[in-house]
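Only one structure is covered here, and it is reproduced in the block below.
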Amino acid sequence: MSTSSSAEAPRRLICCIGTGGTIASEPTAGGLAPTRQDSFFRRIRSHPSLTSPIHFDSSSVSFSSPVNTIQVGKNIKYPRLITPELDDNGISVEYEILDLDRHLDSSEMTPSEWNIIAELVYENWNNYDGFIILSGTDTLAYTAAILSFLFNKAGKPIIVTGAQIPLSRPRSDGWTNILDSLFVTGTLDFAGVGIVFNHQLLKGARATKSSPNLFGAFSTPCVPPLINFNVKITYDTSTNLPKRSSTPPPPLLKLLTDPSVLSIHIYPGMTGSLLEAQIIAVPTCKAVIISAYGSGNLPINEKSGILESLKRMVEKEILVVVISQCGIPNVYPLYTQGRTLLSIGVLPGYDLMHEAAFAKLIWLVSRPELSFKQRQELFETPIAGEMSL
């Protein structure tokens, strides 16, 4: 962690972990791709909103000037940068980019990569004042959700961000997303996992990707944004923002990397045999998300065979969770179907987004010390503000 000279405002030191994705993509013969090269850092180093001319003389450094990197295991750390003043108090922020050894399109993100990211944050916890995960957008909300559970109640900010248009292309939204992320992690008294996108701070365990085209790619349908970065910065008054503290992260949990959580979408004509065949095909399955109609309704008539299939899954100690297919979800046992499912041990997903349900289940089944009953009970317990009962 870093401070400036006594004549200046103190500066926080932030670690930016680069994973690839659209924000880091460059033109290739096959189209835009998150190739791992120095171009990403060179662009940031040259941007006046992200690099202070007081601390970095861009006139003497061209885009093609050498970049002195440090090898950290398989990863690469780039030289430290300092932002211009980010607020009216004259606060600037120092930050370092730590690039993973392989840049990914975010559709390739798996629990194995989540383990790598979590381990880097955990190992560097005492070296930085906050963390920014630079990610592709397709699985960005999933990454934010799993980090919300892995670093629950820890006393520093962890922000996940990215871009709809790469930094290498005109009109990129990545510049403001990085700048707002540095503002949150470097100037605000905020702790917890969040998503910064399109001038908003969203709760990490509540978010979903709602558009592949809009700059406002992410939303939290069941709760308002925590912060809106407009001309005037406004805060959600219904929520007490978690404050920075000395609370360390929980012990690092190693997530299971074999397929352990399946997701099945209910559609007209779905039968129990179709449902069960998908589970049987994955011997390592420990949990199933059922995306059902409306408030959690399923065809449970005897002819469909679904109820008997779900009952057999629960008897095999597979966590079965029902969430809603609706864009603004809320699963509750209002109808006969819902109450019947509860009676056989199927768990309601309340207002969980799919991303949070998936992350929470992986977090639960990766904990061998928990019994099946404890996993069921913890699923129905809000852990990281991911749902409302």
Side-chain angles (χ1 to χ4, degrees), residues 138-139 141-142 144-145 148 202-212 214 216-225 238 261-279 285 287-315 318-362 364 375-389:
D138 284 345
T139 52
Y142 286 93
S148 298
L202 307 173
K203 190 169 185 61
R206 288 285 194 161
T208 187
K209 184 176 181 180
S210 49
S211 174
L214 299 177
F218 296 90
S219 59
T220 50
C222 297
V223 295
S238 65
V261 179
L262 297 188
S263 182
I264 298 174
H265 198 85
I266 296 298
Y267 52 84
M270 170 69 84
T271 65
S273 59
L274 287 172
L275 188 72
E276 207 161 355
Q278 298 177 68
I279 312 304
C285 176
V288 179
I289 301 170
I290 307 291
S291 294
Y293 306 127
S295 58
N297 300 317
L298 295 169
I300 60 171
N301 60 79
E302 188 174 345
K303 182 180 178 181
S304 75
I306 287 180
L307 189 63
E308 284 303 312
S309 291
L310 294 178
K311 187 176 180 181
R312 283 192 290 270
M313 290 182 211
V314 175
E315 288 171 349
I318 294 174
L319 288 171
V320 180
V321 171
V322 172
I323 65 172
S324 175
Q325 295 175 8
C326 295
I328 305 176
N330 199 349
V331 171
Y332 49 96
L334 179 62
Y335 296 98
T336 301
Q337 291 95 327
R339 295 183 180 182
T340 303
L341 292 171
L342 284 177
S343 70
I344 64 169
V346 173
L347 305 172
Y350 301 100
D351 58 352
L352 277 170
M353 304 310 297
H354 184 275
E355 292 88 339
F358 186 81
K360 188 172 187 178
L361 286 171
I362 286 185
L364 285 171
R375 289 173 181 170
Q376 286 184 311
E377 292 172 351
L378 278 173
F379 183 84
E380 291 198 82
T381 304
I383 301 296
E386 72 281 3
M387 65 185 187
S388 305
L389 299 183

Short side-chain donor-acceptor distance under 3.5 Å, Ser291 and His354: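 Not at all, the side chains of His354 and Ser291 share no donor-acceptor pair under 3.5 Å.
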Side chains of [X] and [Y], heavy atoms from C-beta outward: is any pair under 4.5 Å?
| X | Y | answer |
| --- | --- | --- |
| Ser219 | Thr208 | yes |
| Leu275 | Met313 | yes |
| Met353 | Thr220 | no |
| Tyr293 | Pro268 | yes |

With sequence neighbours excluded, what pairs up with Phe358 under the ring pair (Phe, Tyr, Trp, His ring centres under 6.0 Å) test?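 Once residues adjacent in sequence are excluded, the partners of Phe358 under the ring pair (Phe, Tyr, Trp, His ring centres under 6.0 Å) criterion are Tyr142.
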Do any N or O atoms from the side chain of [X] and from the backbone of [Y] form a donor-acceptor pair under 3.5 angstrom?
| X | Y | result |
| --- | --- | --- |
| Glu386 | Ala384 | yes |
| Ser210 | Ala217 | yes |
| Gln325 | Ile266 | yes |
| Ser304 | Pro299 | yes |
| Ser324 | Pro329 | no |

Least distance between heavy atoms, [X] atom then [Y] atom:
| X | Y | result |
| --- | --- | --- |
| Ile306 | Gly272 | CG1-N, 3.5 Å |
| Gly296 | Leu341 | O-CD1, 3.9 Å |
| Ala357 | Ile289 | C-CD1, 3.9 Å |
| Pro224 | Ser238 | CG-OG, 4.2 Å |
| Val288 | Cys285 | CG2-SG, 3.8 Å |
| Ala356 | Ala205 | CB-O, 3.3 Å |

Interatomic distance, [X] atom [atom1] to [Y] atom [atom2] [nearest 0.5 angstrom]:
| X | Y | atom1 | atom2 | answer |
| --- | --- | --- | --- | --- |
| Ile290 | Ile323 | CD1 | CD1 | 9.5 Å |
| Ile344 | Ile300 | CD1 | CD1 | 8.5 Å |
| Ile264 | Met270 | CD1 | CE | 6.0 Å |
| Ser388 | Leu352 | OG | CG | 9.5 Å |
| Leu307 | Asn301 | CG | CG | 9.5 Å |
| Leu319 | Phe379 | CG | CZ | 8.0 Å |

Identified side-chain contact (heavy atoms from CB on, under 4.5 Å) counterpart of Pro348 within the set Val321, Val331, Asn330, Leu389: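 Result: among Val321, Val331, Asn330, Leu389, Val331 is the only option passing the side-chain contact (heavy atoms from CB on, under 4.5 Å) with Pro348.
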Crowding at CD, Glu302 (>12 non-hydrogen neighbours, <6.0 Å):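 At most 12 heavy atoms, drawn from other residues, nucleotides or ligands, come within 6.0 Å of this atom.
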